[in-house]
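Step one of this worksheet: look at the structure below.
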Amino acid sequence: MDTSLSTFAVVGLGTMGTGIAEVLALAGREVIGIDISEAAALSAVASLEASTARAVRRGRITEQERTDALARFRTSDDLRTAADAELVIEVVPETYEIKQQVFRELDAIVSPTAILATGTNALSVTRLAAESQYPERVLGLHFFNPAPAMKLVEVVSSVLTAPPAVEAVTALARELGKEPVAVGDRPGFVADGLLFGYLNQAAAMYEANYASREDIDAAMKLGCGLPMGPLALLDLIGVDTARTVLEAMYAESHDRLHAPAPVLGQLSSAGLTGRKAGRGFYTYDAPGGQDVVPDALTPAADAASGAGRDVASVGVAGSGTMASGIAEVFAKAGYDVVLAARSQEKADIARGRIAKSLERSVAKGRLTPEARDETLARITAAGSLDAFAEVDLAVEAVAEDLEIKRQLFAALDKVCRPGAILATTTSSLPVVAIARATARPEDVIGMHFFNPAPAMKLVEVVRTVLTADDVHATVRSVCARIRKHPVDCGDRAGFIVNALLFPYLNNAIKMVEQHYASLDDIDAAMKLGGGYPMGPFELLDVVGLDVSLAIEKVLHKEFRDPGLAPAPLLEHLVAAGCLGRKTGRGFREYARR
């Protein structure tokens with residue numbers, strides 16, 4: 001089988017097919033786009049013309065390169081025009097019946113040496129190949145949307161695929177400027193296999209009225225650095241498409257995390273399939289539009305307003321990185337801050353850490369020397385909680401241990417004046433259990449900052465069934481003053497971010513356990529295909545495997561879902577003392593400094 005490819009056909013000229021054709025044409029390949037719909041073919045030509053015109057305006061290609069690319073692309077409504085193609089890529093609707101029909105017809109049209117690639121991300125490549133007269137030439141070639149921009153291409157082999165075919169398309173992907181990742185045949189492959197489980201959980205979280213769609217999306221963008229929130233991404237992908245992928249994943253895994261959330265079926269049945277329909281989780285300016293417009297579910301600008309309490313001074317309990325970061329945030333915003341630790345020495349060290357952080361900001365031009373001095377002057381270091389007697393808001397940032405936090409809140413209850421708000425930064429413990437350690441649980445609320453607190457914009461505001469309305473309103477107002485984005489969530493394990501993030505990380509570990517893909521391929525797939533700033537194993541090693549395991553255990557205990565049980569590999573690494581970067585070894589090894 002010749003591994004050099006020069007002539008191509010793309011069958012199916014929807015968004016993905018058109019994008020793939022554009023990539024090939026711009027790379028100097030002759031491409032014929034085939035679709036039974038004349039409207040789809042005309043739309044593909046118009047899309048290619050518009051896209052390449054934008055590329056010229058932005059200086060990415062020349063006008064001559066644009067003219068040449070357009071000349072290399074032609075359309076047809078007849079599959080027989082693919083006869084001379086050395087590689088045919090089908091991206092027709094995601095059903096076995098349609099795809100198998102295309103492959104059967106292609107068998108009678110193309111050369112026996114031509115490669116047939118399916119763009120599926122949900123169906124079995126093996127099952128599709130088995131219908132072909134030459135199953136050894138059938139493989140998966142999964143581009144990501146938008147194909148011209150996304151670097152990842154998953155090259156999917158079945159047990160029937162001939163190695164030369166894989167070599168040919170892998171070489172092609174590299175020539176196109178893409179990053180090919182070799183994967184086996186299972187629904188979702190690597191990127192979508194991890195991504196769609198996460199999207200499904202986000203849909204279920206929204207369906208349960210746990211948090212608003214806006215807060216879920218903001219939490220994952222600001223808390224994890226993702227380019228889009230999960231519900232907005234579902235609308236972009238297509239709610240019906242997502243449901244199809246999840247159905248295929250669940251049929252194989254029987255994992256409840258892959259069982260499509262009912263809301264996906266309800267929206268699909270109602271024709272509310274996302275951007276392409278003009279409405280999905282959000283409402284858009286038009287079918288195919290990108291701009292979200294207000295609808296009945298859009299929160300009013302003053303939805304969280306209300307009479308709050310005055311806050312002029314803040315106490316921060318703790319001496320670690322999180323405590324000093326939170327104290328810095330409040331002081332920068334103009335609050336008088338008391339930073340209390342278990343001893344005066346620890347408190348002074350924490351204040352010194354803040355001084356160094358402020359100095360770095362001055363060196364980088366982010367802060368003036370005068371602002372540095374004013375900020376530091378607002379922070380008083382104390383060796384006892386007694387210094388919190390007059391603060392209006394007390395924020396704890398001590399060890400993530402329920403008994404330690406309960407003891408601290410019992411002490412705060414005695415020290416802090418009546419009417420002071422008591423906030424916990426817990427990321428996984430029940431806030432109400434902490435609140436019950438006081439005689440004023442109505443004054444207790446969760447304020448989950450993210451590390452590093454000075455840089456991360458998100459705060460999860462966690463109210464319990466006992467939290468007073470004015471306490472909630474006050475904390476949201478305080479978040480605005482310290483320039484953080486508050487998202488409201490109920491008092492349950494993981495809140496928004498960790499409840500969605502850690503099952504995704506756990507599933508990545510399971511992929512490695514099952515020898516489906518390597519650490520490097522999974523990390524590359526999620527960065528290049530999902531837009532994640534870090535791959536799952538990079539992130540696990542940064543967070544700490546012991547911390548990750550503890551959160552996984554809390555989620556599993558609360559939700560009782562077998563799919564949330566921590567991966568054995570994670571438990572084994574923690575037992576061996578391989579905790580990530582902080583110990584020099586986790587999923588990878590690191591040079592000790």
Side-chain angles (χ1 to χ4, degrees), residues 1-14 16-45 47-48 68-120 123 125 127-143 147 153 155-158 160-173 175-176:
M1 185 177 289
D2 187 1
T3 59
S4 176
L5 303 171
S6 58
T7 54
F8 303 85
V10 177
V11 182
L13 293 176
M16 182 57 78
T18 301
I20 294 170
E22 178 180 338
V23 170
L24 291 166
L26 284 172
R29 270 65 174 187
E30 296 289 334
V31 188
I32 181 162
I34 303 170
D35 200 298
I36 58 174
S37 166
E38 182 180 355
L42 292 173
S43 176
V45 172
S47 176
L48 193 58
D68 293 343
L70 293 175
R72 285 190 288 267
F73 178 64
R74 60 192 178 94
T75 64
S76 170
D77 62 359
D78 188 347
L79 201 59
R80 287 175 294 184
T81 53
D84 296 328
E86 295 169 312
L87 171 64
V88 181
I89 306 171
E90 71 76 15
V91 267
V92 299
E94 198 77 342
T95 72
Y96 281 112
E97 292 75 16
I98 296 176
K99 290 182 184 291
Q100 287 172 339
Q101 180 182 347
V102 168
F103 279 171
R104 282 194 296 267
E105 292 183 21
L106 285 171
D107 274 340
I109 293 170
V110 301
S111 163
T113 60
I115 298 171
L116 305 184
T118 172
T120 185
L123 305 181
V125 176
R127 183 172 165 184
L128 293 172
E131 292 293 314
S132 171
Q133 292 180 20
Y134 306 98
E136 68 279 1
R137 68 175 177 183
V138 178
L139 46 71
L141 198 55
H142 181 213
F143 287 78
V153 174
V155 179
V156 189
S157 302
S158 78
L160 305 170
T161 308
V166 176
E167 293 167 12
V169 297
T170 300
L172 171 67
E175 290 166 11
L176 297 176

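Val166 and Ser157 make their closest contact through CG2-OG, 3.2 Å (heavy atoms, listed as atom of the first residue, atom of the second, distance). In plain terms, the two heavy atoms of Ala41 and Leu13 that are nearest each other are CA-CD1, 3.9 Å. The shortest heavy-atom contact between Val88 and Ala82 is CG2-CB, 4.5 Å. Nearest approach of Val125 to Gly140, heavy atoms of both residues: CG1-N, 3.9 Å.
Checked by atom type and distance alone, the side chain of Thr118 never pairs as donor or acceptor with a backbone atom of Glu90 at under 3.5 Å. Between the side chain of Asp35 and the backbone N or O of Ala40 there is no donor-acceptor pair closer than 3.5 Å. Formation of a donor-acceptor pair under 3.5 Å by the Arg74 side chain with backbone atoms of Val31 is not found in this model. Using modelled atom types, no side-chain atom of Ser43 and backbone atom of Ala39 make a donor-acceptor pair closer than 3.5 Å.
Counting heavy atoms from C-beta on, the side chains of Phe73 and Thr18 never come closer than 4.5 Å. A heavy-atom distance below 4.5 Å is not found between the side chains of Ile34 and Asp77. Looking at heavy atoms from C-beta onward, Val169 lies in side-chain contact with Leu87 at the 4.5 angstrom threshold. Side-chain contact between Ile32 and Phe8: absent, with no pair of heavy atoms (C-beta onward) separated by less than 4.5 Å. Looking only at side-chain heavy atoms (C-beta outward), Val156 and Leu139 stay at 4.5 Å or farther from each other. Put simply, the side chain of Lys99 does not reach to within 4.5 Å of the side chain of Glu131, judged on heavy atoms. A heavy-atom distance below 4.5 Å is not found between the side chains of Glu136 and Thr161. Residues Leu42 and Glu38 form a side-chain contact, since some pair of their non-hydrogen atoms from C-beta on lies under 4.5 Å apart.
Other residues, nucleotides and ligands contribute only 12 or fewer heavy atoms inside 6.0 Å of the CD1 atom of Ile36.
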Point to revise | Derivation of the side chain to side chain contact (heavy atoms under 4.5 Å, CB included) call for Phe103 and Val138 | key: CA-CA 9 Å; Phe103 279 171; Val138 178; 3.9 Å; yes
Exercise for review: Carefully, step by step, assess Glu94 and Thr120 under the rule side chain to side chain donor-acceptor pair (under 3.5 Å).
Suggested key: CA-CA 7 Å; Glu94 198 77 342; Thr120 185; 2.5 Å; yes
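Looking at Val91, Leu116, Val102 one by one, the single match for side-chain contact (heavy atoms from CB on, under 4.5 Å) with Val11 turns out to be Val102.
Checking Asp107 against Ser132 by side-chain atom types alone, a donor-acceptor pair falls below 3.5 Å. Side-chain polar atoms of Gln101 and Glu105 form a donor-acceptor pair below 3.5 angstrom. Using modelled atom types, one finds a donor on one side chain and an acceptor on the other under 3.5 Å when comparing Ser6 with Glu86.
Qualifying side-chain contact (heavy atoms from CB on, under 4.5 Å) partners for Ala147, counting only residues two or more places apart in sequence or in other chains: Met16, Ile20, Val23, Phe143. With sequence neighbours excluded, the residues satisfying salt bridge (charged side-chain N to carboxylate O under 4.0 Å, His left out) with Asp78 are Arg80.
A salt bridge is defined here as a Lys NZ or Arg NE, NH1 or NH2 lying under 4.0 Å from an Asp or Glu carboxylate O, and Arg29 with Glu175 meets this definition.
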